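Shown next, in structure tokens, is the structure this report addresses.
Whatever order the structure lists ligands and atoms in, that order sets their numbers, starting from 1. Predicted model, so just to flag it, every value in this text is computed and none were measured.
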Amino acid sequence: MSSLEPAEQICRKLTESLTKGTFARLVLSAPVASGDTPQKILGRFIMLKGVPHLSLTLRQTTRDVTKNLPIAEGATWLREQLARQFHSALLCTTARDWQFISNAAGEARLIDHQPSAKKTPAREHDQRHAGILDDSARDWLQGLDVLDVAGKVRVSMADKHRQINHYLEILSHLAKECGWMGAPRAEAGKQKAEDGEQKSAFGPPPSAHRLPPLVLADMGCGKGYLTFGTWHLFRRVLKQPVQVIGVETRADLVATTNKLAQQIGADGLAFVAGTIDSAQLPRVDALIALHACNTATDDALRRGIELGAKLIVMAPCCHKELRPQLGKPAPFAPVLRHGVMEERMAEWVTDGLRALFLEWAGYRTKIMEFVAGEHTPKNLMIAAVRERDGFTDPAARQRIEELKTFFGVEKHALDPLLAAANVKTV
Ligand SMILES: C[S@@+](CC[C@H](N)C(=O)[O-])C[C@H]1O[C@@H](n2cnc3c(N)ncnc32)[C@H](O)[C@@H]1O
């Protein structure tokens, strides 16, 4: 092992990885002080005007601050952080991961592990990160009070801003998977690009309106943060013809969001009063339901299938249906007598079954973390892309039955889907 101090070693490893192109990410945690100082710092590699930088997100209790350092300054900056601000640092490179740990007495050590990242993150992503909620989103973000009159994120809305941004990043990746940023649409817009229109970093240039618009429905859209965001991503960033429909039971919210859509001239964005399970909707390309309570998420899932959605995106909210039914199979029983563990298991089974139902309906499904878990344990997103005919694979159906039987679940809101004949598509 090197005779250098652990802090010095990790600083050198940082410089080496940044210059050799093996750097994947840096995370500083275990802050020396609490309060409104950064509780965590996340470091990424980005190119700014062609110059490599270490981009740092300083995560404070109420907001994030971003700071970009030329890579030559990275080691000096890290040395200061480890001397005064943080007890722990994780440097991930494609060669090794390096974990620095220190204690209040100043004792420190450096441990190395197998690399957790096999390749460095795509640089394209860095541009996208900066781009989605750029100045062109100012009108609706101000209209929704996320930004103040000067265009700054309100302190009380920092989490919401972060959530919208993160959701749009995920949605842009999913749109790519669905082929909505791919060749045919790009082809259609090509002529205009050749005619001199500005090209978007995200996809095709302002595209020909002869394409049929994508139809996206946001169920239980509330104040419309994510509905405006969805419209913004497709219409203003991806330059796609799009029809976005927000569905919401509260007529007052529908009136407010429609007024804002009109004020900013959001063509193709409309809000309708109605319920998730019965609102009149056309066939849709994507159905989104974020934070719809309890089985309203299941209603949305079922409607997405019935309305022919290629993409279904859900972030489930409260999970009440299964908990009273949940059995305590061995060897889980002694653990499930703890209420919090039982609640989490009920959520796990509920969302797990939702994913299995989607697979039975012909979707490729993934479950991922939506917002960082520090604010709420309810932070999952289920995203499903339809890839084959649904309700034909007996093994997919059997997986649902087996999980239900194992946990003693007798009734699930999606059970009608078990008989494919119950699914009425438009
Ligand atoms: C927790 S908010 C989420 C709003 C938005 N999707 C978001 O994530 O920011 C849930 C919204 O769904 C609406 N809602 C609840 N049940 C509904 C239903 N069955 N049909 C339509 N809207 C519903 C509520 O009025 C509320 O505005």
- [ ] Give a yes or no on whether a salt bridge exists between Arg84 and Glu80, defined as a side-chain N under 4.0 angstrom from a carboxylate O.
- [x] no

Open item on the list: Looking only at side-chain N and O atoms, does Gln163 offer a donor or acceptor that is under 3.5 Å from a partner on Lys160?
Closed with: yes

Task: Thr275 neighbourhood, listing ligand 1 atoms whose heavy-atom distance to it stays under 4.0 Å - done: 20 (N), 21 (C)

- [ ] Taking the side chain as every heavy atom from C-beta outward, state whether Pro282 and Ile245 have any atom pair closer than 4.5 Å.
- [x] yes

Open item on the list: Checking the N or O distance criterion of under 3.5 Å, is ligand 1 in contact with Ala296?
Closed with: no

Task: Heavy-atom nearest neighbour in the protein, as seen from atom 10 (C) of ligand 1, with distance rounded to 0.1 Å - done: His291 O, 3.6 Å

Task: Close side-chain approach of Leu91 and Phe23, heavy atoms under 4.5 Å - done: yes

Open item on the list: Only heavy atoms of Leu226, strictly under 4.0 Å: list the atoms of ligand 1 that pass.
Closed with: 7 (C), 8 (O), 9 (O)

- [ ] Select one of side chain, backbone, both or neither to describe which atoms of Lys160 lie under 4.0 Å from any atom of ligand 1, heavy atoms only.
- [x] side chain

- [ ] Note the single closest protein heavy atom to atom 19 (N) of ligand 1, along with its residue, its atom name and the distance in Å.
- [x] Ile276 N, 3.9 Å

Open item on the list: Quick check on Gly274 - does any of its heavy atoms sit under 4.0 Å from an atom of ligand 1?
Closed with: yes

Task: Charged N-O contact under 4.0 Å between Asp415 and Lys404 - done: yes

Task: Any protein heavy atom nearer than 4.0 Å to atom 27 (O) of ligand 1 - done: yes

Task: Side-chain touch Arg25/Leu42, heavy atoms, less than 4.5 angstrom - done: no

Open item on the list: Any heavy-atom pair between the side chains of Arg364 and Glu177 that's under 4.5 Å?
Closed with: yes

Task: Short N-O contact, Lys223 and Asp145, less than 4.0 angstrom - done: no

TODO: Could you establish whether Cys221 and ligand 1 come within less than 4.0 Å of each other, counting only heavy atoms on the residue side?
DONE: yes

TODO: Give yes or no for whether the N/O distance cutoff of 3.5 Å, strictly under, is met between Leu290 and ligand 1.
DONE: yes

- [ ] Pick, from Gly220, Ala273, Cys317, Ala289, the option with the minimum heavy-atom distance to atom 11 (C) of ligand 1.
- [x] Gly220

Task: Any Leu301 side-chain heavy atom under 4.5 Å of Tyr363 side chain - done: no

Open item on the list: Test of understanding: given a 4.0 Å heavy-atom threshold, classify the contact between Asp218 and ligand 1 as side chain, backbone, both, or neither.
Closed with: neither

TODO: Just need the protein heavy atom nearest to atom 22 (N) of ligand 1, so name the residue and atom and give the distance.
DONE: Thr249 N, 3.4 Å

Open item on the list: As an exercise, identify every atom of ligand 1 less than 4.0 angstrom from a heavy atom of Gly222.
Closed with: 4 (C), 27 (O)

Task: Close side-chain approach of Leu141 and His232, heavy atoms under 4.5 Å - done: no

- [ ] Indicate whether atom 15 (C) of ligand 1 is within a distance of less than 4.0 angstrom of some protein heavy atom.
- [x] no

TODO: Quick one: look up the protein heavy atom nearest atom 25 (O) of ligand 1 and list residue, atom name and how far away it is.
DONE: Glu248 OE2, 2.6 Å

